[in-house]
Amino acid sequence: MNLTSIITLFGGLGAFLFGMHYMGEGLQLAAGTRMKNLLEKLTRNPVIGFLVGMVVTVVIQSSAATTVMVMGFINAGIMDLAQATGVIFGANIGTTITSILIALDVSAIAPVCIAAGALMMLYAKRKKTRYFGQILLGFGMLFQGLHTMSGAMAPLKDSPRFTSFIVGADNPFLGFLIGALMCAVLQSSSAAVGIVQALAMQGLMPLGFAAFLVCGINVGSSTPPLMSALKARHNAQRAALIYLIFNVVGAVIFMPVVIFTPLVEILGTKIPSPAFQVSAFHILFKVVTGLILLPLVNQVVKLTYRIIPVRAHESEMRLKYIDKNMIGSPAVVTVQVGKEVDRMASLAADNLKDAGQGLIDGSCEKAQKIRDNEEVIDFLAGEITDYLSKVSSLEMAPEIAEYLSCVYHAINDLEQIGDHCVKILAQNEKNEELGKMYSPEAQKELQEILDEDLRLLAEAADRFLNRLVTIEQWGQMQKGVRKIARLVSEAQSNHMDRLRRQVCSFDQGLTFMESINSFSRIVNHISNLEEVVIGAEVRAGLPQGSGN
């Protein structure tokens with residue numbers, strides 16, 4: 001195989017990968033949000049989730065992409081792990097459609113598809129038509145690339161080394177390893193199986209060795225979801241692990257089957273086309289593994305929890321005081337909701353204390369705790385809002401209805417406080433990268449602002465829980481707000497002076513300014529938290545425009 005053949009091979013591979021990606025992208029655009037909506041709405045039952053995962057993957061042409069999408073839904077709280085498992089199993093089967101298309105070998109019409117697709121994309125006025133043009137163009141590029149690759153591999157027939165290797169290729173572990181590495185590099189099981197099929201078309205890939213390659217390819221296809229899950233939440237990491245478990249189980253089942261049974265010989269006898277033989281084995285691998293594991297969804301989920309144990313913050317990702325399946329009297333609802341909001345306020349206060357004190361001390365040791373708490377705050381905000389939408393249809397006294405309406409505003413303010421705490425943490429991490437701490441003057445200013453923020457948050461949360469704010473308490477709150485505004489203004493002036501005296505660096509000064517801005521915004525949300533529960537008679541005695 002000379003240099004020209006190698007360049008042609010890589011050119012064909014590039015066209016194949018581009019065509020597959022472009023076709024999948026066009027299919028997603030043509031489908032619009034239908035695939036996302038389908039995943040969101042039809043995954044409560046694992047069997048339905050299995051079918052939905054298969055359909056979605058047939059459309060978008062990537063089981064890894066479907067799994068990454070599912071991981072995003074898990075992160076957003078739209079889907080739980082058991083629901084996601086069925087979808088992931090189905091996605092693994094849906095990805096086999098590409099191997100069927102390749103086995104059909106319609107490369108003769110590839111130029112027609114490319115020409116038609118390009119014309120539709122360039123000259124069509126309707127978006128839908130352009131999307132279908134993209135699908136056609138991608139389809140044509142895929143098969144043109146496959147045809148080019150197949151042609152580039154033809155000289156391998158005349159290579160004694162390669163033919164000798166293929167004739168004697170019976171080491172299952174070598175085949176598995178080559179397949180896994182090939183897929184990990186290409187980041188696509190469809191592309192890797194396509195290359196095996198292209199070799200088979202040239203008579204350069206016996207099915208016995210191709211089967212081991214396919215087993216390795218399927219395990220290697222877990223690389224993209226695992227990479228995406230590195231910095232994801234733990235349930236999303238477990239979803240990526242489920243994808244890996246599916247393919248490892250398939251390899252464990254089929255490697256011995258290929259070695260000790262006549263499966264390869266049967267496929268070779270019944271299916272004349274070498275490319276279809278590879279496709280048939282690939283489909284068998286996925287379908288049999290899916291049918292075996294689908295009844296074991298709960299056991300697979302439990303296994304992932306053993307491998308990635310529940311962390312402390314995950315055990316908090318639940319409603320402690322509200323049972324969403326039991327909606328009691330409105331009076332009971334208000335107590336339950338109040339306690340959950342108090343949980344949010346407590347977590348927000350912990351994050352404010354830890355993020356603020358860490359900034360002052362120049363320590364990021366509580367960074368993970370802050371981010372874990374923020375996940376719980378976001379979770380509670382979503383769950384409480386969902387619960388309130390359910391109870392809104394109940395008959396209730398006006399004062400209870402007004403209070404529950406206030407809760408909508410309160411959880412938004414608490415969520416915003418949590419977000420600003422994470423922003424403060426981010427500034428502290430920048431300081432850590434710079435390897436610098438604030439001057440004693442700056443630390444003193446930050447400490448004074450933090451202490452006042454914490455005091456006001458504790459008071460506002462307590463008054464919200466008791467649903468009572470007097471006009472005197474409101475006045476004290478506004479004094480606190482004005483005090484922080486004055487402290488922030490003084491800190492900004494002193495900061496400019498320190499910059500002139502070169503006591504702090506410009507980069508460090510930026511983190512200081514961003515942090516005090518966050519402290520300032522936090523107190524506005526604290527004030528909002530108290531204002532929403534002011535009684536009507538107190539509200540009437542307030543000066544106009546006193547709120548935030």
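Computed over heavy atoms, backbone and side chain alike; hydrogens, waters and symmetry mates excluded.
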Would Asp451 and Gln447 count as a side chain to side chain donor-acceptor pair (under 3.5 Å) here? Give the steps. CA-CA 6 Å; Asp451 290 344; Gln447 188 70 62; 3.1 Å; yes
Do the ring planes of His495 and Phe512 sit parallel (below 30°), tilted (30 to 60°) or perpendicular (above 60°)? parallel
With heavy-atom distances below 4.5 Å as the criterion, would you say the side chains of [X] and [Y] are in contact?
{"X": "Ile484", "Y": "Phe519", "value": "no"}
{"X": "Ile384", "Y": "Met344", "value": "yes"}
{"X": "Asn92", "Y": "Thr289", "value": "no"}
{"X": "Tyr305", "Y": "Val301", "value": "yes"}

Is [X] salt-bridged to [Y], going by a charged N under 4.0 Å from an acidic O?
{"X": "Glu448", "Y": "Lys444", "result": "no"}
{"X": "Glu490", "Y": "Arg486", "result": "yes"}
{"X": "Arg371", "Y": "Glu429", "result": "yes"}
{"X": "Glu433", "Y": "Lys430", "result": "no"}

Flag yes if more than 12 heavy atoms outside [X] fall under 6.0 Å of its [atom1] atom; otherwise flag no.
{"X": "Lys353", "atom1": "NZ", "result": "no"}
{"X": "Arg501", "atom1": "CZ", "result": "yes"}
{"X": "Arg306", "atom1": "CZ", "result": "no"}

For the residue pair [Y] / [X], report whether a side-chain donor-acceptor contact shorter than 3.5 Å exists.
{"X": "Lys369", "Y": "Asn351", "value": "no"}
{"X": "Asn517", "Y": "Lys423", "value": "no"}
{"X": "Asp372", "Y": "Gln368", "value": "yes"}

Side chain to side chain donor-acceptor pair (under 3.5 Å) evaluation trace for Glu441 with Asn494: CA-CA 9 Å; Glu441 296 171 36; Asn494 294 339; over 6 Å; no
Could you walk me through whether Ile411 and Leu380 satisfy the side-chain contact (heavy atoms from CB on, under 4.5 Å) test, starting with their C-alpha distance in whole Å, then the side-chain angles of each, then the deciding distance to 0.1 Å, before giving a yes or no? CA-CA 9 Å; Ile411 59 178; Leu380 290 175; over 6 Å; no
Using modelled atom types only, decide if a donor and an acceptor are shared between the side chain of [X] and the backbone of [Y] within a distance under 3.5 Å.
{"X": "Asn428", "Y": "Ile424", "result": "no"}
{"X": "Glu415", "Y": "Asp378", "result": "no"}
{"X": "Ser346", "Y": "Arg343", "result": "no"}

If I compare all heavy atoms of Arg238 with all of Ile308, which pair ends up nearest, and what's the gap?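 Looking at all heavy atoms of both residues, the closest pair is NH2-O, 2.9 Å.
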